[in-house]
2 protein chains.
Amino acid sequence: MIEVELETTEQRILDAAEELFYGQGIQLVGMDAIRTASGVPLKRLYQIFPSKNSLVEAYLKRRDARWLHDLAQYVDSYDSPTQRMLAVFDWLFLWFSEPDYRGCGFINSFGELGATSQAVADIAKAHKDAFRRYLADLVAAADAPTWLTDQVVLLAEGAMTTAAISGSPEPARHAKDAARILLRTAHAGVVTAV
Amino acid sequence: MIEVELETTEQRILDAAEELFYGQGIQLVGMDAIRTASGVPLKRLYQIFPSKNSLVEAYLKRRDARWLHDLAQYVDSYDSPTQRMLAVFDWLFLWFSEPDYRGCGFINSFGELGATSQAVADIAKAHKDAFRRYLADLVAAADAPTWLTDQVVLLAEGAMTTAAISGSPEPARHAKDAARILLRTAHAGVVTAV
DNA sequence: ACCGTAAGAGAACGTTCGTTTTCGAGAATA
DNA sequence: TATTCTCGAAAACGAACGTTCTCTTACGGT
């Protein structure tokens, strides 16, 4: 019982932390705000996360896992390898359309703390590496050459920041259009020089 | 004389502010650090910039103008419209290769403060809009369709963040490769469906 | 019923930060 | 020379933050 309760308390803290950290930026959110939002007293909060840094890292790691899980789950609703690769951008479009979308939490935290916190920089890098590996699998399954992975990564990353700053989900469509063209070109095996 | 001196004092403050704000993140840099780095006493600093917010905005606006100017200057060393468009990515490669490269200052400041400061959000948006307009001109000059602009923007933006987090300038090359393919496809006027 | 313990609410502490004020020295003016 | 003004160095102030501590209450075991 105790452990179950502790588990849910931890989840409540992380839920509050994620909403606040992502929505306002990490440094603008104090531990008091997390206490208020989660309803968990400071004492217990510090028993579970002994410092704000540890809470930040836990927030990022949980978001990392869930983000990739949600993406993979969406992609899994498609069968054709080509459609699975392009479905990534449909999922991005849904994400960008959420009313409180504010860019990629890892890009944001890297820009905010990456220069001073090696831990945050490492988690952001690990997240982007994992995303790249996932795309690499989709690209390989679509019988496309490896180098297409790097290009698709750039389109996805660019769409995240452009959608955030412009406040529109359209970049996901533009990225999908570009990815479709690149995929088709790759399939055609065109090799020329400009 | 007074105005000239004030001018150089303002520049010294902005030079220090830019290095610190860009290198460490805005919120991690205190006014004391800027005083120390610039050698300008706090009193005078507050005479020229009446608040940290105003200094932040001045930093972003000056960086915006200089960034686009430097890019255009580099692009202007090429003649062929196609090469001019692709030269953007060569310039990005040079930028990413600087030892203290830490991503796009506007993406970073947007992630850090965009949720709370409308001014910062607006400046970031204006900067990206200006960048997009510049690329649109290059795309039009290369006789490519308008929609290529959106795709090239995404490649460039994606390269900035991927280079920052991965710590490598290679994303600039990958973006250039993709842009070349998209440009060629656009020129060929291929219109098909997947 | 009694005692020990845990736990919540919030005060308190020490530090940092943005901003203002003070103080003292030096230059310009009458 | 006496006085006013300017300006740099640094102290000071008020708020906010991360973290710890205190006090009170309520519950569990005997």
Side-chain angles (χ1 to χ4, degrees), chain A residues 1-60 108-109 112-113 115-120, chain B residues 1-60 108-109 112-113 115-120:
Chain A
M1 282 306 136
I2 290 264
E3 295 189 9
V4 163
E5 191 189 330
L6 196 150
E7 184 77 9
T8 68
T9 299
E10 183 173 332
Q11 297 307 317
R12 275 205 298 162
I13 297 170
L14 285 172
D15 288 344
E18 178 156 9
E19 175 160 346
L20 293 170
F21 284 158
Y22 176 74
Q24 312 186 19
I26 292 170
Q27 297 184 88
L28 290 170
V29 175
M31 295 298 272
D32 250 33
I34 289 170
R35 174 189 71 177
T36 302
S38 67
V40 175
L42 274 187
K43 201 190 214 170
R44 203 112 109 83
L45 214 164
Y46 273 93
Q47 282 169 1
I48 300 177
F49 298 103
S51 70
K52 185 180 180 180
N53 277 346
S54 69
L55 176 58
V56 168
E57 291 166 29
Y59 144 63
L60 290 172
N108 290 349
S109 62
E112 203 178 337
L113 300 169
T116 14
S117 162
Q118 190 60 47
V120 168
Chain B
M1 282 307 136
I2 291 264
E3 296 189 10
V4 162
E5 192 190 328
L6 196 150
E7 182 76 11
T8 66
T9 300
E10 184 172 331
Q11 297 306 317
R12 274 205 297 162
I13 296 170
L14 285 172
D15 288 345
E18 178 156 9
E19 175 159 347
L20 293 170
F21 284 158
Y22 176 73
Q24 312 186 20
I26 292 171
Q27 298 185 86
L28 290 170
V29 174
M31 295 298 271
D32 250 34
I34 289 170
R35 174 189 70 176
T36 302
S38 67
V40 175
L42 272 187
K43 202 187 207 172
R44 204 113 110 82
L45 213 163
Y46 272 92
Q47 282 168 3
I48 300 176
F49 298 103
S51 69
K52 184 180 180 181
N53 277 347
S54 69
L55 176 58
V56 168
E57 291 166 28
Y59 144 63
L60 289 172
N108 290 350
S109 62
E112 202 178 339
L113 300 170
T116 15
S117 163
Q118 191 60 45
V120 168

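Just so you know, these numbers use all the heavy atoms, side chains as well, and skip hydrogens, waters and symmetry mates. Order of the sequence lines sets the chain letters (A, B, ...), proteins ahead of strands, with each chain counted from 1.
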- Item | Contacting residues from residues 16-25 of chain A, given that a heavy atom lies under 4.0 angstrom of DNA chain C | none

- Are there more than 12 heavy atoms of other residues, nucleotides or ligands under 6.0 Å from atom CD of A:Glu18? yes

Would you call [X] and [Y] a side-chain contact if the rule is heavy atoms closer than 4.5 Å?
X: A:Phe21; Y: A:Ile34; answer: yes
X: A:Arg12; Y: A:Thr8; answer: no
X: B:Ser117; Y: B:Asn53; answer: no
X: B:Ile13; Y: B:Arg44; answer: no
X: B:Leu55; Y: B:Leu14; answer: yes

Between [atom2] on [N] and [atom1] on [X], what's the gap in Å once rounded to a whole number?
X: B:Ile34; N: C:dG18; atom1: CD1; atom2: P; value: 8 Å
X: B:Leu45; N: D:dC7; atom1: CG; atom2: C1'; value: 14 Å
X: B:Arg35; N: D:dC7; atom1: CZ; atom2: P; value: 18 Å
X: B:Arg44; N: D:dA10; atom1: CZ; atom2: C1'; value: 17 Å
X: A:Lys43; N: D:dC23; atom1: NZ; atom2: P; value: 12 Å
X: B:Phe49; N: C:dT19; atom1: CZ; atom2: P; value: 13 Å
X: A:Gln47; N: D:dT20; atom1: CD; atom2: P; value: 12 Å

- Message: Looking at A:Arg35 and A:Asp32, is there a salt bridge between them, counting it only when a charged N and a carboxylate O are closer than 4.0 Å?
- Response: yes

- Message: Quick check for you: to the nearest 0.5 Å, what is the distance between A:Glu10 atom CD and A:Ser38 atom OG?
- Response: 12.0 Å

Return the polar atom pairs (N/O with N/O) between nucleotides 16-18 of chain D and the protein under 3.5 Å, or none.
unit_1: D:dG18; atom_1: OP1; unit_2: A:Lys52; atom_2: NZ; d: 2.5
unit_1: D:dG18; atom_1: OP2; unit_2: A:Met31; atom_2: N; d: 2.7

